[in-house]
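Each remark here refers to the structure printed beneath this line.
Just so you know, ligand 1 is whichever comes first in the structure, and atom 1 is the first atom listed for that ligand. Hydrogens, waters and symmetry mates play no part in the numbers below; they use all other heavy atoms, side chains included. Residue numbers start at 1 and run along the sequence shown.
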Amino acid sequence: MKILVTGAGGQLGRALVRALGAMHEVVALDRQGLDLTDPAAIDAALAMHEPEVVLNAAAYTAVDRAETDRATAFAANAAAPALLAEAASERGAILIHFSTDYVFDGALGARERRGYREDDPTAPLGVYGETKLAGERAVLAHPGHGVLRLAWVYGNDGANFMKTMLRLASERDRLRVVADQWGVPNYTGDLADAVARMLDRPIEALRAILHDTGGLFHLSAIGPTTWHGFASEIVRLGGYADRVVVEAITTADYPTPARRPPWSVLDPSRFAATFGWTPPNWRAGLARCFSERPNGTSERGLSAVPSAN
Ligand SMILES: NC(=O)c1ccc[n+]([C@@H]2O[C@H](COP(=O)([O-])OP(=O)(O)OC[C@H]3O[C@@H](n4cnc5c(N)ncnc54)[C@H](OP(=O)(O)O)[C@@H]3O)[C@@H](O)[C@H]2O)c1
């Protein structure tokens, strides 16, 4: 299969390129290679590379900054996927776009402690979620394309919660981490393998599945935890547990410009059943992530960006 990956410089984009490169012909375009706010560039890229599948891993992911930077967030998260979907449709390519748990408000956790399903009502709490919801709607308006909602993504590339916790643990003896927001951490390597599984079929079979199902899926590991639970496991696997205390705090103790859903758990049953994939437990994903850390990784040089989504 010929696959074009946009946003190939991001943490998910890099993992997709790595996982799919062995089996498929992959064209990896980072922002310099294809800026998705440029409609002519999108057309030119699809004309030049003639992909059968486009994986759109590009997004504006600065959840807090989006509150005051709506136009930029909207351009990347809503307008760009709309343009990509249109261009892909015109050329007969399948677009697989990535969305987020932040399309939900998290109120489900207080009523029923189950994962969100694809047909649960959306109600974003902030600008990032609003723009991502607009983007997924634009893609799904074209039957035969797909949208995979993800949550709590981390890996060895880019800036993410895991890397921030490791850096802080190397510098401090106490971390204060929110313990009243629930979700499931997802290793980019596991997500990329799931996408590879999804693409492991003839292109027309994939198109038929996306067409017949409507194309919307939740892709996630299993086993709900909190940011505090996630941080505790990161500290343990990082070898800091005998020195660093992970203190549980509340959302009210750690105010942020954008509100976060208190319950972000996605139910991956539909994706698993449709594509024959077994969701891993998030703890296994984190152990795998540690086992795949580049040799000589140092916490000192890591970015201070807090939990993005
Ligand atoms: N991270 C999470 O926890 C999380 C959770 C749920 C869903 N998701 C979704 O998962 C997907 C992948 O996210 P990620 O974590 O891999 O994000 P990421 O590491 O921030 O990567 C996003 C990439 O998109 C690029 N980009 C932004 N605007 C662009 C534009 N106009 N044209 C081309 N490229 C552009 C960024 O480039 P620059 O670095 O130059 O800005 C960056 O390399 C996104 O759809 C995101 O919404 C993420």
Could you list the atoms of ligand 1 found under 4.0 angstrom from a heavy atom of Asp35?
30 (C), 31 (N), 32 (N)
Got a salt bridge between Glu50 and Lys2, using NZ or NE/NH1/NH2 to carboxylate O under 4.0 Å?
no
How close do His145 and Leu140 get, heavy atom to heavy atom, and via which atoms?
O-CD2, 4.3 Å
Would you confirm whether Trp282, through its side chain, and Gly223, through its main-chain N or O, come within 3.5 Å as a donor-acceptor pair?
yes
Please determine if Ala76 has a nitrogen or oxygen closer than 3.5 Å to a nitrogen or oxygen of ligand 1.
no
For Arg14 and Gly9, indicate whether the former's side chain and the latter's backbone hold a donor-acceptor pair under 3.5 Å.
yes
Does Asn77 reach ligand 1, in the sense of a heavy atom lying below 4.0 Å from it?
no
Where does Ala58 meet ligand 1, judged by heavy-atom distances below 4.0 Å: at the side chain, the backbone, both, or neither?
both
Polar contact flag for Tyr128 and ligand 1 (N/O pairs, less than 3.5 Å):
yes
Taking distance alone, with no angle check, do Gly7 and ligand 1 share an N/O pair under 3.5 Å?
no
Report yes if the side chains of Trp152 and Asp101 come closer than 4.5 Å at any heavy-atom pair, otherwise no.
yes
Is the NZ or CZ atom of Arg293 both under 6.0 Å from the centre of the six-membered ring of Phe290 and within 45° of that ring's axis?
yes
Sub-6.0 Å ring centroid separation between Phe161 and Tyr154
no
Say whether Leu36, considering both its backbone and side-chain N or O atoms, lies within less than 3.5 Å of an N or O atom on ligand 1.
yes
Where ligand 1 meets Ala57 - atom numbers and elements under 4.0 angstrom, heavy-atom basis:
12 (C), 22 (C)
Show the atoms of ligand 1 that are less than 4.0 angstrom away from any heavy atom in Lys132.
44 (C), 45 (O), 46 (C), 47 (O)
Does Ala159 come within less than 4.0 angstrom of ligand 1, counting non-hydrogen atoms of the residue?
no
Do any nitrogen or oxygen atoms of Asn56 come within less than 3.5 Å of a nitrogen or oxygen of ligand 1?
no
Taking the six-membered ring of Phe275, is the NZ or CZ of Arg197 close enough (under 6.0 Å from the centre) and on axis enough (within 45°)?
no
Centroid-centroid under 6.0 Å between Phe104 and Trp263 rings
no
Nearest candidate to atom 9 (C) of ligand 1, where distance is taken over non-hydrogen atoms, out of Ser99, Ala59, Ser264
Ser99
Ligand-residue contact atoms, ligand 1 with Phe98, heavy atoms, under 4.0 Å
11 (C), 45 (O)
Are the side chains of Leu266 and Arg149 in contact, using a 4.5 Å heavy-atom criterion?
yes
Note: Arg149, heavy atoms under 4.0 Å from ligand 1, region reported as neither
Have a look at Gln11 and tell me which of Asn160, Thr61, Asp157 forms a side chain to side chain donor-acceptor pair (under 3.5 Å) with it.
Asn160
Going by heavy atoms, is Ala80 under 4.0 Å from ligand 1?
no
Any side-chain to backbone donor/acceptor pair from Asn186 onto Val153? Under 3.5 Å, distance only.
no
Proximal ligand 1 atoms for Leu34, defined as those under 4.0 Å from one of its heavy atoms
32 (N), 33 (C)
If you measure every N or O of Gly10 against every N or O of ligand 1, does any of those distances drop under 3.5 Å?
yes
For ligand 1, is any non-hydrogen atom under 4.0 Å from Ala151's backbone (N, CA, C, O), its side chain (CB onward), both, or neither?
backbone
I'd like to know if Arg18 pairs up with Asp193 as an ion pair, taking the criterion as any Lys NZ or Arg NE/NH1/NH2 lying under 4.0 Å from an Asp or Glu carboxylate oxygen.
no
Report the part of Asn160 (side chain from C-beta onward, or backbone N, CA, C, O) that has a heavy atom under 4.0 Å from ligand 1; answer both or neither where that applies.
neither
Decide whether an N or O pair under 3.5 Å exists between Leu12 and ligand 1.
yes
Taking the six-membered ring of Trp227 as reference, does the NZ or CZ atom of Arg260 fall below 6.0 Å from its centre and within a 45° cone about the axis?
no
Gly9 heavy atoms within 4.0 Å reach ligand 1 at atoms 43 (O)
Short N/O distance, under 3.5 Å, between Thr100 and ligand 1?
no
For Gly158, is the nearest heavy atom under 4.0 Å from an atom of ligand 1?
no
Going through the distances and angles, do Asp38 and Leu83 end up as a side-chain contact (heavy atoms from CB on, under 4.5 Å)?
CA-CA 9 Å; Asp38 179 349; Leu83 291 169; over 6 Å; no
Say whether Thr61, considering both its backbone and side-chain N or O atoms, lies within less than 3.5 Å of an N or O atom on ligand 1.
yes
Side chain, backbone, both or neither: which applies to Trp152 and ligand 1 if a contact is any heavy-atom pair less than 4.0 Å apart?
backbone
